Amino acid sequence: MALSCLTRALRSLSLSPPVGLSSQAVVQTKLRAQISPNNPLSLPSATFISNVQQCRGFLTTASLDQNRRYWKQREKYTIRPIGMRKTGGRDYTGKIQTHGIGGGHKQRYRWIDFQRLNYEPGKEGQPFDEKVVEVRYDPCRSADIALIAGGNRKRWIIATENMQSGDILKTSAVIGRMAVSANEGDAYPLGALPVGSLVNNLEIYPGKGAEYIRAAGTSGVLLRKVNGTAIVQLPSKRQVQVLDTCMVTVGRVSNVDHNKQIIGKAGRNRWLGIRPSSGLWQRKGGWAGRKIRPLPPMKSYVNLPSIAAT
Amino acid sequence: MIMETTQRLKSAAPLLSQITLLNDCGQISTHAGRNSSQARRHFNVSAALTAKVRPRPKPRAIVEIPGLERVTYGERMHYVPGLSKPVNPDWERGFKDPNRYKSPPVHEMPLHKEKPCYIFNQRTNALEGVRQALWLTKTKLTSGLPPQLLALAQNPTYQIPDQDERVQNAIKHARFWDTTEGRPKKEKYCYTLLNNLLHMCGSLQSSHPALSKRILAEKFTLAASWKRGEDLFQVRGKNGLLLNSMTPLPNFAGKQEVADTADHVLETFYPVSPAIDLQKVHVYKEDNYTGFRSDYPYPNAHTLFFLEAGDVSCKLYPDQLRAKMIMFSFGSALARAHTLYGTQLRVLDHPITVQAVGNNGRVFQFVVFQLNTTDLHEDSGIKNQVWVDEDVLLYDFAKVQPLIKKKQVVVPAGLSGYNPETFSKFLALYLNGAV
């Protein structure tokens, strides 16, 4: 259909008179052609139009519908790496929304299961063990990822600092009266861990999946446990109050020396998909420079019943 | 109006110069004024096609309330805001058209069962490899080939004249000569090498007439099912080569050895379950099928040949290839046992032996499987036995170009590091049963 539109449009552009045109019309076109002889590409004159079909214009850009992120459409979880489509910092209209993104080595996305407490169908409710099969580099994030196998399934998780293949990791949702002596890599709810332990992959709402403390080498600290909630200090020193049933893994995230890496040359940045910034000198405003200010107040993700309600 | 048309023309036809555009614009507009009855060509891109395409909002979810009928605008034959869209019944073809058959959903299929079955197929990449295969088939592992086969391999009477030279020629043919391009691909040289070796082994038919009572089959179908604990397992697949024979293979382990296997404890690998990586299905048939009909003149499976030819869909490490070999030799032995003695669980008086050879063109794996029992329900009792000879190199390097490091030839071009014992073992496995 697109091809027929194109051919119809292009047919309307022909310079020679179409078959069946009267001689009067032909004479008129010849006169017109003499008037404007120097035009390299002149529009055919209006007299042709009477014998030419109505032609709707044809679109000269690619379909804008392609600017959607269609590549991640799978519903079923898989450990197979999925081919990714890069956006180049462009949004669905095609314009740049974020500068400095584009190019870089091709990457395949490995679907990480951030919900550590993902029970196997049929075995809900019981704490389970999983074995680390391999720890490998992930092009999509700064941390390393680990393939763990337990029961009948395998999944990818963010690896912690000293994780090696062959380790056994425990995941449990039980909050006992005594705090658990957790090994690195195990996942427990915040209420079960001792105060002061280093944690990562923090869930803000129970069951939603880890959204905080996932970058290489980061770790949060469990500061206090207050009747049903726990307060964690994030790597930015911000304190956050969440329910103590939120799952969290113990230890620091892998690839600890990531911030000490020296890029070395502009090319390496381009391999990572970072485009150069604009070279135009711009006067820096109030956003630039060192700021010394008190920590923002503690953010609470818990809907505690307020005292005023009683 | 003129400015608008100019803008549209500018965007659509950048080749035209400014003056030309204005000239032609003037011509078109004046002519349009004069000949208004004539149609005007729109050499422009219509606005409707360049508008911002917002993300499509999700359609409202239609709530079905049982007992309440929806009032639709179907009867009124036109859209009425406020009434719901009429839902038409699904059209059904009145007759059966085999070209346009739509299969029913999984839970409505006739063979659907509640209990799942775990199937080991030819593309399965077992995570735990040989340990998983041993647990699934309730087998005891012995590394190294049985002594009878080793003695047969070293026996000089059962060797082909000019054996080493002919094998080296076969390798060179497969790895160097069998192509018009630089070097043959792995998918090709694996098959060529195996065919050459089998051809050479078959040339002994003149001196050993019992070898003629065999036949090769390619891409044989196998189906075997058994119960292990609470779960059902099956082996199904279309595989490489199968050598069938009229007479069954002799057993390697005597009665005493078989009885001793009852003391062996199977290795478990907590927390990984033994059914990992197996295909879980709810639609299955508990079948036992050797791949051939009951009146086939060569009913006994002698040797299975597996090729790890670098197939993109299933790349197997040597450990996983050995697991696949164990599973399929077990499957063919079990299918034969079920055909001979029925599906009742029992300890076999005459164990069934099946051999398997796997290779990736250079490294060979030999597996000899002896099925002692079909009672695989529990972990205790008499176990089956398997002898595995791992990672036997036929040759070290077969290089088209020599490997040169620091101007020194590390590995010369051509075939290097040929190991004659590997072919003797291959020949011993082939001759076993006919000698």
Side-chain angles (χ1 to χ4, degrees), chain A residues 9-10 12-13 25 28 32 35-36 38-61 63-69 79 91-95 120-123 127-134 147-154 168-171, chain B residues 5 8-9 11-17 19-56 116 118 125-129 132 231 269-280 313:
Chain A
L10 287 172
S12 64
L13 284 176
Q28 278 182 357
R32 210 132 315 209
I35 291 166
S36 52
N38 292 330
N39 295 332
L41 186 76
S42 56
L43 282 177
S45 61
T47 42
F48 276 127
I49 299 166
S50 55
N51 291 354
V52 163
Q53 316 153 299
Q54 271 276 16
C55 172
R56 192 110 186 257
F58 53 93
L59 192 59
T60 49
T61 61
S63 161
L64 288 176
D65 215 32
Q66 277 177 11
N67 297 337
R68 306 262 190 100
R69 305 202 52 184
I79 56 166
D91 61 6
Y92 64 91
T93 60
K95 289 184 147 182
E120 253 188 298
K123 293 185 199 162
F128 55 94
D129 284 345
E130 277 164 318
K131 185 174 137 182
V132 176
V133 176
E134 68 160 338
L147 179 66
I148 56 176
N152 277 339
R153 57 136 189 223
K154 293 187 272 198
I168 308 253
L169 309 178
K170 188 164 171 192
T171 313
Chain B
T5 332
R8 287 190 177 169
L9 283 167
S11 61
L15 292 169
L16 291 169
S17 61
I19 309 159
T20 327
L21 271 170
L22 285 168
N23 275 348
D24 291 340
C25 262
Q27 281 180 0
I28 283 177
S29 50
T30 44
H31 283 126
R34 250 185 254 165
N35 312 322
S36 55
S37 59
Q38 288 170 0
R40 180 143 33 128
R41 186 187 316 114
H42 287 283
F43 185 59
N44 60 3
V45 180
S46 63
L49 293 171
T50 48
K52 236 189 200 186
V53 180
R54 301 254 171 219
R56 195 180 176 170
Y118 298 97
N125 192 338
L127 179 73
E128 290 285 329
Q132 192 175 352
D231 307 311
F269 25 89
Y270 180 78
V272 172
S273 125
I276 203 170
D277 276 331
L278 299 185
Q279 186 188 9
K280 185 174 168 184
S313 58

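Note: hydrogens, waters and symmetry copies are ignored here, and every other heavy atom, side chains too, is used. Quick caveat, the model's predicted, so the values are computed rather than measured. Residue numbers start from 1 in every chain, and the chains themselves are labelled A, B, ... in the order their sequence lines are given, proteins ahead of strands.
Closest heavy-atom contact between A/Arg153 and B/Ile276: O-CD1, 4.0 Å.
Both the backbone and the side chain of B/Tyr270 come within less than 4.5 Å of a heavy atom of chain A.
Shown here are the side chain to side chain contact (heavy atoms under 4.5 Å, CB included) partners of A/Thr171, two or more places apart in sequence or in another chain: A/Arg116, A/Leu117, A/Phe128, A/Glu130, A/Ala187, A/Met247. Under the rule for a side chain to side chain contact (heavy atoms under 4.5 Å, CB included), the partners of A/Val133 that lie at least two apart in sequence or sit in another chain are A/Leu147, A/Ala149, B/Leu127.
Interface summary for chain A: among B/Pro274, B/Pro271, B/Ala275, the most heavy-atom pairs under 4.5 angstrom belong to B/Pro271.
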